[in-house]
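Have a look at the structure below before the remarks.
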Amino acid sequence: MRFFWIFVLCFYFIQCTGIQKKSDYNQSIQNWNDADSESASKNLPKKEENGFIRILEKSHIDFFNGNNKFNDLETLADKTKNRLRFSASRTLKSFFYLETEEGYYASEAEIIYMHILLGLYQARVGNFEKAKIEARYAGNLLSGEWSAEGQFDDPTLRMLLGALWTVCGDWEEAKIDFRRAHQLKPNSNVYRNLANMPPPKGELVLVLGGPGAEPKMNPAVNLNFIRGLRNLEFKTKGERSQIYISNENTKENLQWEGDTMNWYSRHLVRDNEIAELVEDSKYFQRMTTTAIKEGSIGTAKVGLGILTGTAIVAVGAGLVYIGAQSSGGGEIAAWGIITIGFGIKTGADMVENAYKETKKNVEEDLDISGNYRYARFLPEYIWITTTKESLKKPILKSKSDKKHILLEPIGKIPVRFGFVPDVESKPQNP
């Protein structure tokens with residue numbers, strides 16, 4: 001029992017110190033919104049430099065720099081494979097084996113995307129056999145029921161996996177994933193066409209859109225009062241613009257496909273029991289402290305509002321009395337009545353403002369969204385097209401000419417990747 005409490009205290013301490021928060025990302029988020037991948041990578045927070053989140057975020061961003069250094073990502077992926085291999089349980093606790101050295105629990109989407117990304121890095125430097133190993137591994141994770149909540153599958157991950165197989169030159173394997181993407185999203189003409197067409201004569205173009213979803217506080221009525229207040233939801237920022245790719249005298253419209261909200265909702269569900277226990281304990285302490293503080297302040301402000309209103313009403317009543325006792329005091333009495341009305345209105349306004357201010361302060365104090373841990377910068381959705389010929393000088397365009405990144409094609413069957421933040425660039429709040 002002593003060792004258990006030592007573990008809990010150490011876990012609590014780790015959670016309180018040294019972890020990356022939303023405010024640490026302000027500059028890198030701004031850079032990513034500007035499609036400045038080099039600066040976004042450079043300005044990533046350094047608190048968890050060797051951790052899962054930092055390595056995945058940096059590797060994802062650096063892919064769009066044309067950077068071919070991926071040793072850290074490869075090492076991380078190998079460690080993850082080893083841990084997965086030694087856990088056979090499918091209960092809720094089966095996910096705990098994915099805990100990293102820094103105490104982070106990765107979601108299925110993050111792990112699968114990590115292997116797809118590593119495969120793309122391997123293919124870009126010509127290691128196609130190693131790229132196929134990552135593709136098979138990612139496919140096994142998508143096809144197997146390895147989590148307590150049931151089988152995790154996702155059309156966007158299937159599309160990315162199909163793109164990896166395409167890069168490796170295996171169109172038949174790619175079509176299996178395109179077919180599965182279509183099964184998951186039957187109304188998609190793009191997935192259906194890809195699943196039934198021969199390899200593109202030109203290129204497969206895949207553009208990642210949106211700067212990445214952000215968690216927001218969403219207080220909800222819940223039987224568990226604490227958990228109701230801790231309710232988080234993810235919000236996307238991308239505008240889902242219509243874009244096309246121009247190449248000299250031709251242009252191809254890119255088809256917008258789906259979104260990745262399933263990645264984030266699963267992330268919330270898979271938050272582990274131990275972390276939730278510790279967080280709930282901390283949250284309960286924070287809630288209690290906030291309630292006492294704001295309750296005292298709010299009560300004082302409400303009391304002041306009542307006293308102020310009462311005092312003004314008393315003055316007005318006095319004026320009415322004086323006016324009634326004086327000859328020709330009608331004007332004084334009228335001012336007294338006005339004063340009474342003003343007193344009632346002033347007191348009511350002060351009470352209402354006190355309530356609103358207290359409610360706002362409580363919500364701000366209990367908002368834990370800024371501390372929620374997950375891999376940022378991953379796509380919110382994708383655009384897809386195929387071309388009939390190789391693109392010589394392609395440019396991505398939209399109605400508002402959004403900032404973008406467009407890479408050179410890679411692979412035995414050429415696949416060209418791009419990124420469009422698809423947001424109006426705005427300075428981040430400090």
Side-chain angles (χ1 to χ4, degrees), residues 7 10-11 13-15 17-20 41 44-63 67-125 127-149 152 154 157 160-161 164 168 212 263-264 266-267 269-275 278 372-378:
F7 168 77
C10 289
F11 188 89
F13 182 76
I14 289 171
Q15 290 292 310
T17 61
I19 64 172
Q20 296 169 173
S41 177
L44 281 171
K46 305 294 192 298
K47 290 181 180 178
E48 300 179 37
E49 195 157 9
N50 298 316
F52 180 98
I53 294 176
R54 176 56 151 61
I55 292 174
L56 181 57
E57 290 174 341
K58 183 171 175 58
S59 299
H60 170 70
I61 293 172
D62 283 348
F63 182 80
N67 191 334
N68 290 327
K69 296 179 181 180
F70 54 91
N71 291 338
D72 289 344
L73 184 66
E74 189 172 20
T75 301
L76 180 64
D78 287 341
K79 287 182 178 178
T80 302
K81 287 178 182 178
N82 291 334
R83 290 176 181 176
L84 286 174
R85 185 183 303 162
F86 290 99
S87 285
S89 174
R90 294 180 181 179
T91 64
L92 183 61
K93 294 182 180 179
S94 68
F95 190 64
F96 292 163
Y97 65 82
L98 291 174
E99 181 189 7
T100 63
E101 294 176 358
E102 70 276 12
Y104 175 65
Y105 297 85
S107 69
E108 295 106 324
E110 290 170 342
I111 295 167
I112 295 166
Y113 180 74
M114 173 184 64
H115 288 289
I116 294 173
L117 181 61
L118 177 57
L120 292 173
Y121 268 110
Q122 295 282 17
R124 189 153 69 180
V125 297
N127 296 333
F128 292 107
E129 290 306 313
K130 289 186 176 181
K132 288 181 180 180
I133 291 173
E134 298 303 323
R136 291 191 189 97
Y137 193 80
N140 288 338
L141 294 180
L142 282 167
S143 299
E145 186 177 331
W146 65 289
S147 69
E149 290 78 34
F152 173 74
D154 178 81
L157 284 171
L160 291 168
L161 181 55
L164 174 56
C168 293
W263 300 10
Y264 300 102
R266 289 283 291 198
H267 197 292
V269 171
R270 292 301 302 268
D271 206 3
N272 66 80
E273 290 177 343
I274 294 177
V278 176
Y372 191 78
R373 302 176 73 195
Y374 70 106
R376 287 174 164 81
F377 308 106
L378 302 187

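Predicted model, so just to flag it, every value in this text is computed and none were measured. Quick note: numbers below take in every heavy atom, side chains included, and nothing from hydrogens, waters or symmetry partners.
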- Please report the C-alpha distance between M114 and L118 in whole Å, then the side-chain angles of each, then the deciding distance to 0.1 Å, and finally whether the side chain to side chain contact (heavy atoms under 4.5 Å, CB included) criterion is met. CA-CA 6 Å; M114 173 184 64; L118 177 57; 5.6 Å; no
- Query: Any chance the rings of Y137 and H115 have centres within less than 6.0 Å?
  - Reply: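 Centroid distance Y137-H115: below 6.0 Å, so yes.
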What's the separation between atom [atom1] in [X] and atom [atom2] in [Y], rounded to the nearest 0.5 Å?
X: F70; Y: L76; atom1: CZ; atom2: CG; answer: 13.5 Å
X: L160; Y: I112; atom1: CG; atom2: CD1; answer: 11.0 Å
X: R136; Y: L164; atom1: CZ; atom2: CG; answer: 10.5 Å
X: L73; Y: I55; atom1: CG; atom2: CD1; answer: 8.0 Å
X: N67; Y: Y121; atom1: CG; atom2: OH; answer: 5.5 Å
X: L117; Y: Q122; atom1: CG; atom2: CD; answer: 10.5 Å

If you compare all heavy atoms of [X] against all heavy atoms of [Y], which two are closest, and at what distance to 0.1 Å?
X: A131; Y: C168; answer: CB-SG, 3.6 Å
X: L161; Y: A138; answer: CD1-CB, 4.2 Å
X: A375; Y: L56; answer: CB-CD2, 3.9 Å

- Task: Show your reasoning for whether side chain to side chain contact (heavy atoms under 4.5 Å, CB included) applies to L44 and I61.
- Result: CA-CA 10 Å; L44 281 171; I61 293 172; 4.2 Å; yes
- Which residues satisfy the side-chain hydrogen bond (donor to acceptor under 3.5 Å, both in side chains) test with K58, sequence neighbours excluded?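 Expected list: S41, D62.
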- By side-chain hydrogen bond (donor to acceptor under 3.5 Å, both in side chains) - contacts of E57 (at least two apart):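 Per chain and number, E57 pairs via side-chain hydrogen bond (donor to acceptor under 3.5 Å, both in side chains) with Y25.
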- Can you sort out the partners of N68 under side-chain contact (heavy atoms from CB on, under 4.5 Å), two or more places apart, ordered by chain and number?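 For N68 the side-chain contact (heavy atoms from CB on, under 4.5 Å) partners, ignoring immediate neighbours, are R124, V125.
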- Apply side-chain contact (heavy atoms from CB on, under 4.5 Å) to E49 and list each qualifying residue two or more places apart in sequence or on a separate chain.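 For E49, the residues satisfying side-chain contact (heavy atoms from CB on, under 4.5 Å) (neighbours in sequence not counted) are K46, R54.
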- Task: Sorted by first residue and then second, give each salt bridge (charged side-chain N to carboxylate O under 4.0 Å, His left out) pair with at least one member in residues 67-76; sequence neighbours left out.
- Result: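 Sorted pair list comes back empty.
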- Message: Can you classify the ring geometry of W263 versus Y113 as parallel (below 30°), tilted (30 to 60°) or perpendicular (above 60°)?
- Response: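 W263 vs Y113 ring planes: tilted.
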- Message: Among residues at least two apart in sequence or on other chains, which ones pass salt bridge (charged side-chain N to carboxylate O under 4.0 Å, His left out) with K130?
- Response: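 With neighbours one apart ignored, the set is empty.
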- Task: Check whether any side-chain N or O of E48 sits under 3.5 Å from a backbone N or O of I53 as a donor-acceptor pair, and report yes or no.
- Result: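 Not a single qualifying donor-acceptor pair exists.
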